[in-house]
**Q** 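My questions all concern the structure below.
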Amino acid sequence: MQKKLKLWDAIMLVMGSMIGSGIFIVSADMMRNLGSGFWLIVVWVITGIMTVAAAISYGELSALFPKAGGQYTYLKEIFGRKMGFLYGWGLFTVIQTGTIAAVAMAFGKFTAYLVPSLNDAAPIFQSGEFKITWIQILAIAIILLLTYINTRGVESGKLLQNIFTGSKIIALLGLIAAGFILVDISHLAENFSFGYESFNNLKKDIFGNFLKEGWEPIGGMTLLGGIAAAMVGSVFSSVAWESVTFVSGEIENPKKNVVKSMIYGTTAVMILYIAVNYVYLNALDRDSIAFAENDRVAVAASHFIFGSAGTVIIAILVMVSTFGCNNGLILAGARVFQTMAKDGMFFRQAEKNNKNDVPENALWMQGIWASLLCLSGQYGNLLDMISFVIVLFYMITVFGVIYLRFKKPDLERPYKTWLYPVTPVIYLLIGTVFCILLLIYKQQYTWPGFVLVLLGLPVYYFINRKNPQP
């Protein structure tokens, strides 16, 4: 592969993959779980520590396998073909496709802000809390459109990636600056006045909509459950930075630049995220954050700051952000599935290129499954399922750094994890607590993702039944 990507391009890829839709939406659900500005910031700080610790740890593996296909190859090389396959299967069934679905749903929600008829239209189908809306249909249309474009051999290129990422960063920086300069009445002190006390136990109506009344103080294990539930949103907003490892073979001096791009990119994004949440807390009161229409907190904040014209600009920028993010996710994911097929670890049909020299079958497999996930539930449900599985595989990969240190201590390591073993242990401890609390308090959305990954075992044996390999 030609080394066309410089360090700056790699950093833009990391930041562009992370900044999709979550930061503009998830703080609403986080506030409903926490009920306190203090705990909202604490959760974002914890997530930031987790994310940067994982990136620092991954750096050692990226330097060991500079031409590798990212996390899939790391797991395959460290723990064997079966573990590599299970991650790739999880990537297909939950992680990549679920993220594509969730980001597409965010695109639909922000489009609905500009086209109110999408919001006002009656659901196409509804049974209790489950419903199919025109926003979901729009999300599916975007996924299929981007999938089709990619089958035609259209490449985003580093220039397009940098433009999309630049627009996201400008939107966030503009929101941060205006959120403190133009706000006449600050709600920051009010939102932090709850201090260490958290509020929860919100009720829903028969249609699944939250009722604004009913905030009750919580503490102890209930508070820990609220923190874990809130972290689902912040974790989802902070993933996909490892996508840069999928293209490490195209980055100049990958042994150094992949490491630097992950650390610099994740650190910059987490600082931006924390600053944006301070803006939300400064511009809006607790109820305005928690019950923002369709969870569009960024639109609510920008409406308060700029008026109606500003919210339109923010909505358009978020649409550009999510559209570009999904294009990258669709393109990168298909490459991984094609690589797996070449390794004999996925359906052979995914290996083939079409006349435009792109993996068309892999693209459509991914696109169709992501479209079905758009119908599986509401945005928050997808986040719950994705975040749990992503953190599980992050933990296994981070543990791989420690495992290799013991199993192969003599390997030449161009980069060694900073503050080893403290850094990987910090991630493993926080990740373990997060997963345990989710299993206790949000079982309905953690087990489905886990079961989908385990279903990969019979698929693995079926695919390899004729050609068993060690």
**Q** Evaluate side chain to side chain contact (heavy atoms under 4.5 Å, CB included) for F85 paired with D343, printing each intermediate quantity in order.
**A** CA-CA 10 Å; F85 173 82; D343 290 342; over 6 Å; no

**Q** May I ask you to decide if N191's main-chain N or O and R286's side chain share a donor-acceptor pair within less than 3.5 Å?
**A** no

**Q** Below 4.5 Å, heavy atoms only, C-beta onward: do M105 and T133 meet side chain to side chain?
**A** no

**Q** Can you tell if the side chain of V42 reaches within under 4.5 Å of the side chain of L34, non-hydrogen atoms only?
**A** no

**Q** Any side-chain to backbone donor/acceptor pair from D29 onto V26? Under 3.5 Å, distance only.
**A** no

**Q** What is the distance from atom CE of M83 to atom OH of Y87, rounded to the nearest 0.5 Å?
**A** 12.5 Å

**Q** Could you tell me whether a side-chain N or O of R81 sits under 3.5 Å from a main-chain N or O of M345, the two making a donor and an acceptor?
**A** no

**Q** Kindly indicate, with the supporting measurements, whether the criterion side chain to side chain contact (heavy atoms under 4.5 Å, CB included) is fulfilled by K6 and D9.
**A** CA-CA 5 Å; K6 301 183 184 298; D9 302 316; 3.7 Å; yes

**Q** Can you tell me how far CE of M12 sits from CD1 of I19, rounded to the nearest 0.5 angstrom?
**A** 8.0 Å

**Q** Partners of K82 by side chain to side chain donor-acceptor pair (under 3.5 Å), sequence neighbours excluded?
**A** Y461

**Q** Looking only at atom types and distance, does a side-chain atom of N150 sit under 3.5 Å from a main-chain N or O of L146, one as donor and one as acceptor?
**A** yes

**Q** With a 4.5 Å heavy-atom cut-off, do W89 and V459 have their side chains touching?
**A** yes

**Q** With sequence neighbours excluded, what pairs up with F79 under the ring pair (Phe, Tyr, Trp, His ring centres under 6.0 Å) test?
**A** Y403

**Q** Give the minimum heavy-atom separation between M15 and T165, together with the two atoms involved.
**A** CB-CG2, 4.1 Å

**Q** Check the pair F450, V94 against side chain to side chain contact (heavy atoms under 4.5 Å, CB included), reporting the backbone distance first and the verdict last.
**A** CA-CA 9 Å; F450 188 64; V94 184; over 6 Å; no

**Q** May I have all residue pairs that pass ring pair (Phe, Tyr, Trp, His ring centres under 6.0 Å) and include part of residues 11-60, sequence neighbours excluded?
**A** F38-Y196, W44-Y273, Y58-W241, Y58-Y394

**Q** Specify the closest pair of heavy atoms between S234 and T47, including all atoms of both residues, with the distance to one decimal.
**A** OG-OG1, 2.7 Å

**Q** After noting the C-alpha distance and the side-chain angles of L455 and T93, does the key distance pass the side chain to side chain contact (heavy atoms under 4.5 Å, CB included) rule?
**A** CA-CA 10 Å; L455 286 175; T93 57; over 6 Å; no

**Q** Supply the atom-to-atom distance L7 CG to N253 CG, rounded to the nearest 0.5 angstrom.
**A** 9.5 Å

**Q** Distance check, rounded to the nearest 0.5 Å: T151 atom OG1 versus N353 atom CG?
**A** 12.0 Å

**Q** Which atom pairs, one a donor and one an acceptor, fall under 3.5 Å between side chains of residues 256-265 and the rest of the protein, sequence neighbours left out?
**A**
unit_1, atom_1, unit_2, atom_2, d
N257, ND2, E252, O, 2.6
S261, OG, N257, O, 3.2
S261, OG, V258, O, 2.8

**Q** Can you see which heavy atom on K255 is nearest to which on A63, and at what distance?
**A** O-CB, 3.8 Å

**Q** Does the R296 side chain pair with the main chain of I25, one donor and one acceptor, at a distance under 3.5 Å?
**A** no

**Q** Report yes if some heavy atom in the side chain of W364 is under 4.5 Å from a heavy atom in the side chain of L144; otherwise report no.
**A** yes

**Q** So, K168 side chain and G20 main chain: donor-acceptor pair closer than 3.5 Å or not?
**A** no

**Q** Suppose we screen for side chain to side chain donor-acceptor pair (under 3.5 Å). Which residues come up paired with T51, at least two apart in sequence or across chains?
**A** none

**Q** Could you give all pairs that pass the salt bridge (Lys or Arg N to Asp or Glu O under 4.0 Å) test and reach residues 38-60, with sequence neighbours left out?
**A** E60-R405, E60-R413

**Q** Does S302 have any side chain to side chain donor-acceptor pair (under 3.5 Å) partners at least two apart in sequence or in another chain, and if so, which?
**A** none

**Q** If you compare all heavy atoms of S243 against all heavy atoms of S17, which two are closest, and at what distance to 0.1 Å?
**A** CB-OG, 3.9 Å

**Q** Which residues pass the ring pair (Phe, Tyr, Trp, His ring centres under 6.0 Å) test with Y415, sequence neighbours left out?
**A** none

**Q** F346: which residues meet the ring pair (Phe, Tyr, Trp, His ring centres under 6.0 Å) condition with it, sequence neighbours left out?
**A** F92, F337

**Q** State, to 0.1 Å, how close V453 and F393 come at their nearest heavy-atom pair, and which atoms those are.
**A** CG1-CZ, 3.8 Å

**Q** I want to check something: taking the side chain as every heavy atom from C-beta on, are L272 and L173 in contact at a cut-off of under 4.5 Å?
**A** yes

**Q** Using the test side chain to side chain donor-acceptor pair (under 3.5 Å), find all partners of E77 that sit at least two apart in sequence or belong to another chain.
**A** none

**Q** Do the side chains of M31 and L281 get nearer than 4.5 Å, heavy atoms only?
**A** yes

**Q** Taking only distance into account, with no hydrogens and no angle test, what donor-acceptor pairs under 3.5 Å do side-chain atoms of residues 418-439 form with protein atoms, sequence neighbours excluded?
**A**
unit_1, atom_1, unit_2, atom_2, d
T423, OG1, W418, O, 2.5
T432, OG1, L428, O, 2.6

**Q** Would you find a donor on one side and an acceptor on the other, under 3.5 Å apart, between the side chain of N361 and the backbone of Q338?
**A** no

**Q** Can you confirm whether L86 sits close enough to L454 that some side-chain heavy atom of one is under 4.5 Å from a side-chain heavy atom of the other?
**A** no

**Q** Any idea which heavy atoms bring V320 and S167 closest together, and the distance?
**A** CG1-OG, 3.7 Å

**Q** State which residues pass salt bridge (Lys or Arg N to Asp or Glu O under 4.0 Å) with E360; sequence neighbours excluded, sorted by chain then number.
**A** none

**Q** Once rounded to the nearest 0.5 Å, what's the spacing between atom OG1 of T97 and atom CD1 of I330?
**A** 11.0 Å

**Q** To the nearest 0.5 Å, what is the distance between CD on Q136 and CG on L373?
**A** 11.5 Å

**Q** Is the number of heavy atoms from other residues, nucleotides or ligands under 6.0 Å of W369 CH2 greater than 12?
**A** no

**Q** Are Y72 and K76 packed together at the side-chain level, in the sense that at least one heavy-atom pair is separated by less than 4.5 angstrom?
**A** yes

